[in-house]
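Quick notes on the structure that follows.
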Amino acid sequence: MPGSSSPLTHLDPTRLVLPEKPALEGLEAKWIPRWEADRVYQFDRTKTRDAVYAIDTPPPTVSGSLHVGHVFSYTHTDVIARFQRMKGKAVCYPMGWDDNGLPTERRVQNYYGVRCDPSLPYQPGFVPPAPGKQPISVSRPNFIELCAALTREDEKVFEALWKHLGLSVDWSMTYATIGTRAQRVSQLAFLRLLQRGDAYQVEAPTLWDVDFKTAVAQAELEDRELPGAYHRIRFARPDGGAVEIETTRPELIPACVALVAHPDDERYQPLFGREVITPLFGVKVPVKAHTLADPEKGSGIAMICTFGDITDVTWWRELSLDVRAVVQVDGTLRPVTWGEPGWTSMDADRAQRHYDELTRLSAAKARVKIVEQLRASGDLIGEPRPITHAVKFYEKGDRPLEIVTSRQWFIKTLAYRDALLSRGKALEWHPAYMQSRFENWTNGLNGDWCVSRQRFFGVPFPLWYPIDKDGRVRHEAPIVAEETRLPIDPSTDVPSGYTADQRGVPGGFAGDPDVMDTWATSSLTPQIVCGWPDDPDLFARTFPMDLRPQAHDIIRTWLFSTVLRAELEQHSLPWTDAAISGWVLDPDRKKMSKSKGNVVTPMALLEEHGSDGVRYWAASGRPGTDTAFDTNQMRVGRRLAIKLLNASKFALSNATPQGPVVYAVDRAMLHALAQLVDEATRDLEAYDYARVLQRTEEFFWRFCDDYLELVKGRRYGEQGAEAAGSANAALAAALSVLLRLFAPFLVFVTEEVWSWWREGSVHRAAWPTRAEIEALIADPQAAERDRQIFEWATTVLFEVRKHRSEAKQPLKVPIVSVSVTAEPVAREWMSVVEADLKSALRVQRFDVQDGEVRAFDVTGYDAPAPA
RNA sequence: GGGCGGUUAGCUCAGUUGGUAGAGCACCGGCUUUACACGCCGGCUGUCACAGGUUCGAGUCCUGUACCGCCCACCA
C-alpha cells in the first residue's frame, strides 16, 4: 500500500534534527573530513568491469597555479562521477599530478639554485644549499629528487583546493607523472614499442628550440605573427643574366642548396636542370621543379636552405638535395671553412670573408649583417619590403624555431593514421563536433612523433649505448634495460654485464642523455591508473576506461597521444567517452590566463561564494562551450543552496502524520517530478549536466513558489489529518528526490540536509527513479486530470496574486471574494483545490461561472484583521 | 586557404521530433507572509545577425552572406 510505509517518505520524528537557522557557512569544514573518515568516495576494486566507471582525470601541472579554469572543468567531471556513483557504479576517480617537464625544471633551477648535469654521479643525501649566485651542478637523480620535493608542497595546496571544491576523488589512487610507477610504465611502454619497431631513432632535421636547446614535436608548435621583410635577391646564371628570388631569411643564403619553382611555371621552365650561383658565397646550386612551389608567391621561385622551415625539409628530402647546415643548437651560425667538401665555392676566399662576419651571430643579427653585404655587392634588389607573417614557435619558447639535424627518438604515428581516424570515430565525443578537431589534426600530421628532449627533468630513456675501442658511441646498438629493473636512470644505473667504472670509457658504455617528451608519459595515464602491466586484475576491471575529461586545447596533444598509445599497446580505445570542456573567459571574452593578470584565486572564490555556489556556476557551462567568468552566477548558486536549506527545513518540520498521497495537486507534483527524473537521468547519461541542473533548478523554484504555498495551510491541519498526511508524504518524497537530483551539483548543502533526516551519505544514495515515485501515487490513472487541476491551481494563484499586487494590498488583508469565469470543467477543478487556494491566497470565497473567455475579478478586500 | 562553433531581452544564456518567443541577473512597483528580507508577489523588455528557399506555419530545416571566436595548414 502506498503511503507512509514507503522508504521514500520514511521519516523518523525522533531522529529528526532541524537547525534553528540553517546556513551554508562551515559546511565544507564539516563534511570534508567526514567523507574521508567514512571513505565515501573509495573505489571498490572488487567490482567487475561492467559495474565500474573509470575516469582518466587530467593531471594538473603542479608547478603552475590552479586557476578558475581548473575549477570549472574539474567540477564537470565531478558531477558525472557523482551521478555514476549514485547509479550504483564503483567509480574509479583518481587524481594525478603532472610534475614532469619543463615548467617544473625551470622552477627547481630558480628555487634551489641548481643546474642539472646528467654526466654527474648520484650523490646520496644531497642537501641543496641556500640559492646563491652560482648555480650548483647536480646529477639527474639528485635533480629529480629536488623536483619531487618541491612539487610535493605544490600538491598539498592543490589537494586542499580540490577537497574544498568537493571533488569526489579517491585520494588513495593519486599518482604523479614523475613518480616511480609512471616512470616504470613509461619506460616499459617505450621498450615494448622498440621491440615491435614502433619506436626508432634517426639523425634528421628536427624542429628545435634554440633557447631550451631541445627538439620539440609538431604538437607543441604554435604560430605567432611577427614583423618580417621580403628581400629580393639576385642569383647569377653562369650564362650571364640572373634570377631573382624573394626570401624572409637572407641569412640562410650560405645554407642554400637549390632553387625551386613550380613545374608548370613557364618563366622558370628553361632553368630546370641548370645551375645558378648564390650571391656572396658563389656556390653553384641546381634549379629544381616541385609542385609545392607557388607561382603566386614572391617571384615564383624559392630558395631552398637546409633548413629554413618545414617546407625546406620536404623539398630537401624529395629532391635529394645536399645538406649545408649553418644554424647550430644555440641558434647561432656555426663556423665554416669554405672550400672544404660540401662548401665548394667559385671564390672560397670571398665566401669566407663574407661568412666570417656572420659566424656566431644569432639568426636575427646575421640577417642584419648579410643585408649590408648584399646591398654592398649589389645583389639586393631594391629595399626589403616589410610584412607581417606567421612564424613557428615552441609554445613555451621565446624565439622562432630553427631546424637542426640531430639524433632523436621517434614513435611511429603516420603509419597508424587510418587506425587513429577510425578510433576517433568510435569514440563518443561530448559535444560531438569536437571529433572534427581530432580528425583535422590527425589528417594534418606531417611526421612521426619526436619524443626525445634534450632536457633533464623527465622520464629518461631506459637505454645505454656501447662505446667501441675508438671511443665512438654506438647509438645504432642500444643496450636495453631489463623490464624487471624499470624504472632506471641510465645516467646513474649501470647496464647488466658492465661495471660502473666502464661509464664513458672506450669499451664501456654511455647512458642515453635525453628524457622523454612529457606527453610520452602523460599519454599513458590510462595504463598508469589501471595498473598496466603489473596489476592485471585491476586492469581487467578498469580498462578501457569510461571517460576522458579534458579541455579542447589539448586534443592534439594529450587526447591524440593517448589514443595513439592505447592503439599501439592495447589495440583499443583507452576510453569510450571524451567530455571536452570549454575555457573560462573573462568579461572581455578573452581566455583567462595568468599572463593577462586576470586570474582570480580559486580558494578566495570558494570562500566568498561557497563551494556549492561556485560549482553551480561551473556546472552551468555546457560541454565544450567557453563560459564567461561570472561571480553573479555564483551568487545565484549560493542563493539556490540557501533556498534548499530553508525549503527543506519547512518540508521536514511538522512532517507527521504521513498518509497516502491522495490529493490531486500532490500527485501532480510527484508526476512532474518523475518526469524530471527521467529527463535528468537521460541527460546525465549523455553528459549534458548543465541541462540537468537548469531543469532541476527550474522545477525546484516552482515547487517552492507554487506547490509549497498551495499545501502550506493543509499541512497545518486546516483540512484534517488525512489531507495533511497526503501533503506530508508528498513533501518528504519530493525532498528526498530533489536532494538526490541536486547532490552531484550542490554537494555540501545536499549532504547537510540529507543528514537531518537520513542515514548515510546522500552521495552514496541511489539515484532516484520514476518507479519509486510512482509507487507512492494511489491513483496513477488520474495523472492527466491531476496535471490539469494543478495547472488550474497555479493559474488561479497567478491571477489573484496579480490583482493583489496591483491593488497593493498586503497578504494579511483577506480578499472577500474572487469571481472566476472559465470553461465548465473548471468548476470541477476548483472544487478539488478550492480549500488550498483559499488558504494560500487569503480568499474568503470563489464564485465560478461558465464563460468562453477566462476572467478573474477580485470583488473586494476585507478590513485588515485586528492586531 | 581548409575545418568547427557562435550570432535570441541592457547582460549571461535556455529553447531536443518545425506549431502563438523563455529563464536568471539588472531595472521599476508592492509586500515583515509562523521555511527563507541571502526572502516573497507583480511589472517592463525582443524585425530570434542578414538575404533567399522548403512549408498551412521556421528561432528551429536547406542555401548563401556578414561579423565574432577557436582549431588546422607546405604563407618562400
Side-chain angles (χ1 to χ4, degrees), chain A residues 18 21-24 223 228 230-231 245-249 252 259-261 290-294 296-305 308-315 387 389-391 431 433-446 552-553 555-556 582-583 585 587 589-591 610 613 617 620-622 624-628 630 632-633 635-636 638-654 679 682-683 686 688 690-691 694-695 697-698 701 704-705 708-709 712 716 797-798 800-813 840 842:
Chain A
L18 293 182
K21 179 96 180 153
L24 296 179
D223 284 355
Y230 279 131
H231 304 75
I245 61 107
E246 286 202 321
T247 180
T248 55
R249 300 204 59 185
L252 293 179
L259 300 188
V260 65
H290 195 284
T291 49
L292 276 182
D294 182 352
E296 303 296 315
K297 221 166 272 176
S299 60
I301 188 163
M303 167 176 85
I304 305 176
C305 306
D309 60 29
I310 303 174
T311 321
D312 281 343
V313 178
T314 306
W315 280 328
I387 53 155
H389 62 155
V391 178
Y433 62 76
M434 286 296 177
Q435 194 206 326
S436 63
R437 304 256 187 131
F438 178 87
E439 292 202 347
N440 258 354
W441 174 255
T442 307
N443 281 320
L445 286 170
N446 57 24
H552 52 63
D553 55 333
I555 288 174
R556 68 174 182 171
W583 280 336
L585 306 177
R589 314 257 65 182
K590 299 271 184 264
K591 186 193 176 191
W617 160 76
S620 303
R622 300 187 114 69
T625 306
D626 293 346
T627 299
D630 188 355
N632 203 34
Q633 279 299 102
R635 276 190 275 273
V636 171
R638 183 180 166 80
R639 276 206 285 274
L640 173 63
I642 291 168
K643 188 79 173 175
L644 204 48
L645 285 175
N646 288 311
S648 301
K649 183 185 164 195
F650 171 76
L652 293 173
S653 54
N654 307 305
E679 287 175 20
R682 182 198 65 201
D683 292 338
D688 196 352
R691 184 184 168 86
Q694 186 192 310
R695 293 303 197 83
E697 182 191 13
E698 190 186 333
W701 282 107
C704 289
D705 296 344
L708 288 187
E709 292 301 324
K712 202 176 260 184
Y716 291 141
L797 270 181
F798 171 76
V800 176
R801 280 169 173 170
K802 190 168 164 176
H803 272 95
R804 186 185 286 281
S805 184
E806 283 165 1
K808 303 189 176 179
Q809 290 288 343
L811 193 59
K812 66 186 173 192
V813 177
R842 308 288 153 91

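Keep in mind that the numbers below use all heavy atoms, side chains included, and drop hydrogens, waters and symmetry copies. Within every chain, numbering begins at 1; the chains are lettered A, B, ... in the order of the sequence lines, protein sequences first and strands thereafter.
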Under 4.0 Å, heavy atoms only, any strand: does [X] hit a base, just the sugar-phosphate, or nothing?
X	value
A:Asp312	nothing
A:Asn446	sugar-phosphate
A:Ala690	nothing
A:Thr314	nothing
A:Cys704	base

Taking [X] for the side chain and [Y] for the main chain, is one N or O donor matched with an acceptor at less than 3.5 Å?
X	Y	value
A:His552	A:Gly582	no
A:Asp626	A:Trp583	yes
A:Arg842	A:Pro810	no
A:Thr442	A:Phe438	yes

Expressed in angstrom and rounded to an integer, what is the separation of [X] atom [atom1] from [N] atom [atom2]?
X	N	atom1	atom2	result
A:Met434	B:C72	CE	C1'	14 Å
A:Asp553	B:C70	CG	P	12 Å
A:Asp223	B:C74	CG	P	8 Å
A:Arg842	B:U33	CZ	P	9 Å
A:His389	B:C74	NE2	P	15 Å
A:Leu708	B:C41	CG	C1'	16 Å
A:Phe798	B:C40	CZ	P	17 Å
A:Leu811	B:U33	CG	P	8 Å

From the options [options], select the nucleotide whose nearest atom is closest to the side chain of [X].
X	options	value
A:Arg622	B:G29, B:C72, B:A14	B:A14
A:Lys812	B:C71, B:C41, B:U32	B:U32
A:Ser805	B:A35, B:G42, B:C13	B:G42
A:Ala647	B:A73, B:A35, B:G3	B:A35
A:Trp701	B:C40, B:C75, B:C71	B:C40
A:Ile310	B:U12, B:C74, B:C36	B:C74
A:Asn646	B:C74, B:C36, B:G42	B:C36
A:Leu292	B:A14, B:C70, B:C74	B:C74

Quiz item: When you look at A:Trp701 and A:Leu640, which way does the side chain to side chain contact (heavy atoms under 4.5 Å, CB included) test go after all the steps?
Solution: CA-CA 9 Å; A:Trp701 282 107; A:Leu640 173 63; 3.8 Å; yes
Quiz item: In Å and rounded to the nearest 0.5 Å, what is the CZ to CG distance from A:Arg639 to A:Leu24?
Solution: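 The CZ atom of A:Arg639 sits 12.5 Å away from the CG atom of A:Leu24.
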Quiz item: From A:Lys643 NZ over to A:Cys704 SG, what is the distance, rounded to the nearest 0.5 angstrom?
Solution: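 Rounded to the nearest 0.5 Å, the NZ-SG separation comes to 5.0 Å.
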Could you measure between the two [atom1] atoms, the one in [N] and the one in [M], and give it in whole Å?
N	M	atom1	answer
B:U65	B:G29	P	49 Å
B:A49	B:C44	P	24 Å
B:G6	B:G42	C1'	35 Å
B:U45	B:C70	C1'	32 Å
B:C56	B:A51	C1'	23 Å

Taking only N and O in the side chain of [X], is any of them less than 4.0 Å away from OP1 or OP2 of [N]?
X	N	answer
A:Lys808	B:G42	no
A:Arg437	B:C72	no
A:Tyr716	B:A35	yes
A:Lys712	B:A35	yes

Quiz item: Dot-bracket for RNA chain B, 5' to 3', counting Watson-Crick or G-U wobble pairs under 3.5 Å, with [ ] for crossing pairs and | for inter-strand pairs?
Solution: ((((((((.[[[[.)...(..]]]].(((((.......))))).....[[[[[..)....]]]]])))))))....
Practice problem: Begin from the C-alpha positions of A:Ile387 and A:Thr248 and carry the test side chain to side chain contact (heavy atoms under 4.5 Å, CB included) through to its verdict. | Solution: CA-CA 9 Å; A:Ile387 53 155; A:Thr248 55; 4.0 Å; yes
Quiz item: A:Ser436 or A:Glu709: which one's nearest nucleotide on RNA chain B is closer to the 5' end?
Solution: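 It is A:Ser436, whose closest nucleotide lies nearer the 5' terminus.
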Practice problem: Using heavy atoms to find the nearest nucleotide of RNA chain B for A:Asn440 and A:Asp683 separately, return the residue whose nucleotide is more 5′. | Solution: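 Of the two residues, A:Asn440 wins.
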Self-check item: Parallel, tilted or perpendicular: ring planes of A:Trp315 versus A:His290, cut at 30 and 60 degrees
Solution: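 The arrangement is perpendicular - the two ring planes meet at more than 60°.
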Quiz item: Is the base of B:C75 touched by the side chain of A:Lys297 through a donor-acceptor pair closer than 3.5 angstrom?
Solution: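 In this structure, the two groups form no donor-acceptor pair.
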Practice problem: Report yes if a donor N or O on one partner sits less than 3.5 Å from an acceptor N or O on the other, where the partners are the side chain of A:Thr625 and the base of B:G5; otherwise report no. | Solution: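 Donor-acceptor pair under 3.5 Å: no.
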Practice problem: Tell me, with the steps shown, if A:Thr314 and A:Leu292 meet side chain to side chain contact (heavy atoms under 4.5 Å, CB included). | Solution: CA-CA 9 Å; A:Thr314 306; A:Leu292 276 182; 3.9 Å; yes
Quick one: which protein N/O atoms are closer than 3.5 Å to N/O atoms of nucleotides 19-26 of chain B? Pair and distance per line, please.
from  : atom 1 : to       : atom 2 : distance (Å)
B:C25 : O2'    : A:Asn632 : ND2    : 2.5

Self-check item: salt bridge (charged side-chain N to carboxylate O under 4.0 Å, His left out) evaluation trace for A:Glu709 with A:Lys712
Solution: CA-CA 5 Å; A:Glu709 292 301 324; A:Lys712 202 176 260 184; 3.3 Å; yes
Quiz prompt | Audit row: A:Ile555, A:Trp441, side chain to side chain contact (heavy atoms under 4.5 Å, CB included) steps and yes/no | solution = CA-CA 9 Å; A:Ile555 288 174; A:Trp441 174 255; 5.9 Å; no
